[in-house]
Amino acid sequence: MKIYGESRRTIWIAADSWGVEVIDQTRLPFEVETKVLRSMAAAAEAIRTMVVRGAPLIGATGAYGLALAMREDPSDANLAEAHATLLATRPTAVNLRWALDDVAGRLAPMAPSERMSAAYRRAAEICDEDVESCRSIGRHGLEIIRGLWEKKGKPDRFDVLTHCNAGWLATIDWGTALAPIYMAYEAGIPVHVWVDETRPRNQGASLTAFELGQHGVDHTVIADNLGGHLMQHGQVDMAIVGSDRTTAAGDVCNKIGTYLKALAAHDNGVPFYAALPYTTIDWSLSDGVEEIPIEERDGRELSHITGRTEDGSLATVDILPRGSRVANFGFDVTPARLVTGLITERGVCAASREGLRGLYPEVAG
Ligand SMILES: CSC[C@H]1O[C@H](OP(=O)(O)O)[C@H](O)[C@@H]1O
């Protein structure tokens with residue numbers, strides 16, 4: 001997508017032809033800065049500190065992290081160590097494990113001398129595949145939006161609520177939850193987006209609002225707690241969220257607070273969709289609430305907030321009384337029963353084992 005009119009992806013090979021350049025998302029929306037990752041350790045740190053974040057982008061960064069590792073030392077031991085180090089950076093988004101297993105599985109039988117170039121090649125393929133998956137998610141999601149808009153009589157405003165950032169900044173391009181919104185906008189459907197700020201890191205306020213503003217999509221940033229009230233008063237026509245891990249039975253793990261939005265949507269008859277590529281599906285799990293590991297992050301993300309001061313400089317301030325304890329769980333799981341449908345690159349299905357089996361017969365068994 002575009003930043004100030006320039007087409008960008010979130011990750012690419014740097015001008016030196018081997019470094020991995022990424023947009024530093026901790027600086028957005030106030031500064032557009034990049035970082036060049038030149039070691040596996042730097043790639044791991046970028047994931048851990050959320051310089052890069054979002055399930056597909058985390059996976060792609062992990063894949064390039066293995067390429068950087070093979071540049072350093074292509075031995076079996078280093079391949080195993082790099083896989084373990086990168087996998088340990090963030091436990092919830094299954095794309096990371098998928099990408100690391102994919103690349104490492106291809107490298108393992110190769111001669112060490114072939115591994116670096118093969119890893120770079122595969123990482124680039126993973127990025128290109130993700131772009132096409134998200135484009136396709138956009139097309140399928142567009143038809144859901146179009147159908148609901150037409151069913152409502154083509155009003156001059158169609159309100160979509162989204163949580164966190166599942167836009168192009170969470171992927172390589174296009175995004176998952178936001179791809180249908182971009183395509184609806186381009187199709188002339190009058191979408192307006194309620195953007196959950198998404199405490200504590202405010203990916204909605206700082207990333208989704210930035211993306212939508214850059215693309216010209218009408219949007220309003222709201223407190224996370226406003227969504228239920230808007231739904232009660234008929235001001236939300238549908239909700240679309242992303243996913244970090246979806247089980248074979250259709251349970252959707254996503255940013256903390258998603259479950260509460262799904263409960264409010266269910267109580268008010270608001271269609272609630274999750275958008276995700278196949279790389280986000282964990283076919284080994286059935287019960288998301290019981291089985292998906294939920295990342296617990298540093299409490300400082302909750303106790304401190306960063307913003308722009310009157311003079312335009314950035315500042316971080318403490319917003320809690322000294323001595324107060326904080327709990328900072330990064331994700332929750334929405335049971336399939338609260339999900340209207342899953343929007344994937346292969347089409348839209350029910351949030352169920354049967355629904356996913358219909359789209360992925362070769363995997364779902
Ligand atoms: C398309 S994946 C987006 C997904 O990832 C976000 O989490 P984080 O920013 O912590 O990586 C959030 O759960 C989004 O829905």
Side-chain angles (χ1 to χ4, degrees), residues 1 10-11 22-26 28 46-62 89-96 98-99 127 130-131 133-138 141 161-182 193 195-211 224 239-246 251-262 272-282 288 292-298 301-302 328-334 339 342-345:
M1 303 302 275
T10 51
I11 187 169
V22 297
I23 295 172
D24 180 350
Q25 300 193 25
T26 65
L28 291 174
I47 297 170
R48 198 179 296 116
T49 59
M50 296 177 73
V51 163
V52 294
R53 31 66 52 197
L57 178 54
I58 289 172
T61 308
T89 54
R90 294 190 72 192
T92 303
V94 73
N95 301 60
L96 178 58
W98 173 86
C127 289
D130 183 71
V131 170
S133 286
C134 289
R135 195 196 310 274
S136 186
I137 287 169
L161 182 142
T162 194
H163 190 70
C164 199
N165 173 253
W168 72 272
L169 289 171
T171 65
I172 310 311
D173 202 346
W174 281 109
T176 55
L178 296 192
I181 291 170
Y182 289 130
V193 184
V195 177
D196 276 356
E197 62 176 341
T198 317
R199 289 282 289 147
R201 285 188 69 108
N202 293 343
Q203 288 96 318
S206 60
L207 302 178
T208 296
F210 177 73
E211 282 194 36
D224 294 327
I240 307 181
V241 300
S243 179
D244 294 83
R245 188 183 306 222
T246 291
D251 295 341
V252 174
C253 180
N254 196 51
K255 184 54 54 190
I256 194 77
T258 302
Y259 169 50
L260 297 178
K261 281 300 127 55
F272 185 91
Y273 286 87
L276 60 132
Y278 73 99
T279 50
T280 302
I281 302 169
D282 186 339
I292 296 177
I294 301 298
E295 179 181 19
E296 191 171 355
R297 293 186 62 88
D298 187 324
E301 292 184 349
L302 197 73
N328 184 16
F329 291 87
F331 301 93
D332 59 24
V333 177
T334 299
V339 180
L342 303 175
I343 304 171
T344 78
E345 76 282 353

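Just so you know, these numbers use all the heavy atoms, side chains as well, and skip hydrogens, waters and symmetry mates. Counting convention: from 1, in listed order, for ligands and their atoms alike.
At the top of the distance list for atom 1 (C) of ligand 1, counting protein heavy atoms only, stands T176 OG1, 3.4 Å. In terms of protein heavy-atom proximity, atom 3 (C) of ligand 1 is nearest to N165 O, 3.4 Å. From the protein, the heavy atom lying nearest to atom 2 (S) of ligand 1 is A55 N, 3.2 Å.
Side chain of R297 to main chain of N328: no donor-acceptor pair is present (N/O by atom type, distance under 3.5 Å, no hydrogens or angles).
The closest side-chain heavy-atom distance from R90 to R53 is below 4.5 Å. In this structure the side chain of W174 reaches within 4.5 angstrom of the side chain of M1, judged on heavy atoms.
Residue contacts with ligand 1, taken as heavy atom pairs separated by less than 4.0 Å, involve S243 solely via the backbone atoms N, CA, C and O. With a heavy-atom cut-off of 4.0 Å, C164 touches ligand 1 through its side chain alone.
The distance criterion of under 3.5 Å between nitrogen or oxygen atoms is not met by I58 with respect to ligand 1. Between N254 and ligand 1, at least one pair of N/O atoms sits closer than 3.5 Å. Note: no N/O pair closer than 3.5 Å links T171 and ligand 1 by distance alone.
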| request: For the pair K255 and F331, evaluate side-chain contact (heavy atoms from CB on, under 4.5 Å) and give the outcome as yes or no after the intermediate values. | output: CA-CA 4 Å; K255 184 54 54 190; F331 301 93; 3.7 Å; yes
| task | Dump the intermediate steps for side-chain contact (heavy atoms from CB on, under 4.5 Å) on T176 and L276, then the final yes or no. | result | CA-CA 6 Å; T176 55; L276 60 132; 5.6 Å; no
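Residue-ligand proximity: E295 is placed with every non-hydrogen atom at 4.0 Å or more from ligand 1. Remark: distances from the non-hydrogen atoms of D244 to ligand 1 include one below 4.0 Å. Contact analysis puts P56 in contact with ligand 1, with a non-hydrogen atom separation below 4.0 angstrom.
In the vicinity of Q203, heavy-atom distances shorter than 4.0 Å reach the ligand 1 atoms 8 (P), 9 (O), 10 (O). Close approach to R90 involves these atoms of ligand 1, each under 4.0 Å from a residue heavy atom: 8 (P), 10 (O), 11 (O). Close approach of ligand 1 to A170 (heavy-atom distance below 4.0 Å) involves ligand atoms 1 (C), 3 (C).
Of the options R201, K255, H163, the smallest heavy-atom separation from atom 10 (O) of ligand 1 is shown by K255.
With 3.5 Å as the limit, one finds no donor-acceptor pair spanning the side chains of S243 and N254.
If you take CD1 on I47 and CG on L96, they are separated by 5.5 Å, rounding to the nearest 0.5 Å.
When each of I294, D282, T334 is paired with C253, the side chain to side chain contact (heavy atoms under 4.5 Å, CB included) condition holds for I294 and for no other.
By the side-chain hydrogen bond (donor to acceptor under 3.5 Å, both in side chains) test, T26 pairs with D24, sequence neighbours left out. Residues forming a side chain to side chain contact (heavy atoms under 4.5 Å, CB included) with D224 (at least two apart in sequence, or on another chain): H163, D196, E197, T198, R199, K261.
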